[in-house]
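Computed from heavy atoms alone, side chains included, the values below leave out hydrogens, waters and symmetry copies.
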Amino acid sequence: MTNYSDAVNDALERLDGLGYERGPKPEGFVAHGTMCAETLAALGHTGSIPGYVDGYRRGLAHHDRPEPRFALNPEDWREALGDFPRVGDWEVLFERELAESPWRTVLARWWPRLVPGLVAGTTHGLIRTAHAVRSLAATPRPTRAQVTELTRGLAYWAARWTRLPGRVRFEGDKTLAQAVAALPRDEMRDSRFRGGRGRGDDTSALETYAGYHEALRALRPHHTQWLISEMTAEFAGVYLAHPEALPVPPIHGITAPAAARLVLPHLPEELHGPTLAALWQVQALFLLDLTHDRRGEDTALADADAARTPGLTELAARAVGHGDDHVIKVAEACLREHALRPDPRYAAAAYAAQQRIPPYGPTLGRTMYLEIEQRGARYLELSRDKFGRSAAYDRFLDESSK
């Protein structure tokens, strides 16, 4: 069996040159190929990676990567945050810095600059960076492909950098579960949030939403590793409790903090607090933007404990067979988080994702976007019939039909 590092490097080389996003323009989807290939390697399924890469390359067309335009320097980089057409400039900047300094030095230098915009690309800037870091940390002699992947993770994060309003202060008296329960949930009205698309994304609706600023001040201080476990377990319960929500976006409430955990050991301890703050702010946004009530959340732990769910090792194998990028990544994150602090919500959430997200079929990578869109519309209609109406579904379908 191919070892982890060889499998990752082979995948990175075969996926080199693909754009940061793919599918219908102008929005498209985040490109997941390198992240998912590294996840398969981490799960020990290195033998599945060549087939996965073959299918991925035959899939939705990737957008061209914007070419570099103007050099970034220490004086003017802030002006380019969240400016996606300048992602090529960001790539050149990080390529230069990583050629001059060890990767951990560059990571520590840029982490406090990027973490206030952690929601970038629905947190995929953070997540892609984290997968690259895990790959780099696994070998004493990183390859050029591994360093390039970190370059691109950081560049995508900077180019889609999106700041959320308000400031988190760990000065309250609530646990994470109590803070989640206290957050009013009537679905955020008139939201124009588009998943952290950069400077053009509108997060202003959060400013006046009831309970948002209170939630940012509600948490009591926690130990870093404990709070990340609370975040992943609680959001696994949120995912389990909301079968009426769109099946992919809430997954990032689990995978983003799980990804941050991979990076924190390589950062100075003083950067842990700001990272936790940014993660909680993003989770508060997800709760407001993706759910419209709290039904099922208070019983999610008991429901998961009572459910007859396959074990996480089996679920990971099933995820590989399922083939969807998010299904694979959430199974690995839940397996890893459960190993640190066991909780039945992890297996239940990974299993729910496998049930709610359509699997790739035998034509993996050849399906036209229109067919994917129609499949998604059918899924939404079936789910709405089964689980009831949701304004989130209505809004999605209305916008898709325009």
**Message:** Between His63 and Gly23 (side chain of the first, backbone of the second, donor and acceptor by atom type, cut-off under 3.5 Å), is there such a pair?
**Reply:** yes
**Item:** Full working for side-chain contact (heavy atoms from CB on, under 4.5 Å) between Phe193 and Leu285
**Value:** CA-CA 10 Å; Phe193 176 67; Leu285 167 64; 3.5 Å; yes
**Complete:** Per side chain to side chain contact (heavy atoms under 4.5 Å, CB included), His266 is matched among Leu271, Leu107, Leu136 by Leu107
**Item:** Sole candidate of Val168, Val119, Leu276 that passes side chain to side chain contact (heavy atoms under 4.5 Å, CB included) when paired with Gln281
**Value:** Val168
**Prompt:** Within the side chain of Trp90, is there an N or O that forms a donor-acceptor pair under 3.5 Å with the backbone of Pro68?
**Reply:** no
**Request:** Starting from the C-alpha separation in whole Å, work towards a yes-or-no answer on ring pair (Phe, Tyr, Trp, His ring centres under 6.0 Å) for Phe29 and His124.
**Result:** CA-CA 11 Å; Phe29 308 117; His124 283 107; over 10 Å; no
**Message:** Salt bridge check, Glu230 against Arg345: does any charged N sit closer than 4.0 Å to a carboxylate O?
**Reply:** no
**Asked** Quick one: does Leu118's side chain get under 4.5 Å of Val115's, heavy atoms only?
**Response** yes
**Request:** Evaluate the side-chain proximity of Glu97 to Trp103: yes if any heavy-atom separation is below 4.5 Å, no if none is.
**Result:** no
**Asked** Any donor and acceptor pair, going by atom type alone, linking the side chain of Asp89 with main-chain N or O of Arg69 inside 3.5 Å?
**Response** yes
**Message:** For Arg96, I'd like to know if atom CZ has over 12 heavy atoms of other residues, nucleotides or ligands within 6.0 Å.
**Reply:** yes
**Prompt:** Can you find a pair of side-chain heavy atoms, one from Arg199 and one from Asp83, that are under 4.5 Å apart?
**Reply:** yes
**Message:** Regarding Thr39 and Glu332, do their side chains bring together a donor and an acceptor under 3.5 Å, going by distance alone?
**Reply:** no
**Message:** Keeping Tyr4 on the side-chain end and Glu38 on the backbone end, is there a donor-acceptor pair under 3.5 Å?
**Reply:** no
**4.5 Å side-chain heavy-atom contact, His242 and Pro250** = no
**Item:** Over 12 foreign heavy atoms within 6.0 Å of CD, Glu67
**Value:** no
**Message:** Can you see whether Tyr346 engages Thr232 through a side-chain donor-acceptor pair at a distance of less than 3.5 angstrom?
**Reply:** yes
**Prompt:** If you draw a 6.0 Å radius around CG in Asp64, do more than 12 non-hydrogen atoms from other residues or ligands fall strictly inside?
**Reply:** no
**Asked** Can we call the ring centroids of Tyr52 and His32 under 6.0 Å apart?
**Response** no
**Centroid-centroid distance, Trp280 to Phe170, less than 6.0 Å** = no
**Message:** Taking atom CD as the centre, does Glu269 end up with more than 12 heavy-atom neighbours from other residues, nucleotides or ligands that are less than 6.0 angstrom away?
**Reply:** no
**Request:** Evaluate the side-chain contact (heavy atoms from CB on, under 4.5 Å) criterion for residues Arg128 and Glu149: first the C-alpha distance (whole Å), next the side-chain angles of each, then the deciding distance (0.1 Å), finally the verdict.
**Result:** CA-CA 8 Å; Arg128 185 167 181 176; Glu149 180 59 14; 2.7 Å; yes
**Request:** Using a cut-off of 6.0 Å, state whether more than 12 heavy atoms not belonging to Arg194 lie near its atom CZ.
**Result:** yes
**Asked** Does the side chain of Ser229 come under 3.5 Å of the side chain of Arg341 through a donor N or O and an acceptor N or O?
**Response** no
**Prompt:** Only one of Tyr20, Trp111, Trp110 clears ring-ring contact (aromatic ring centres under 6.0 Å, His included) with Trp157; which?
**Reply:** Trp111
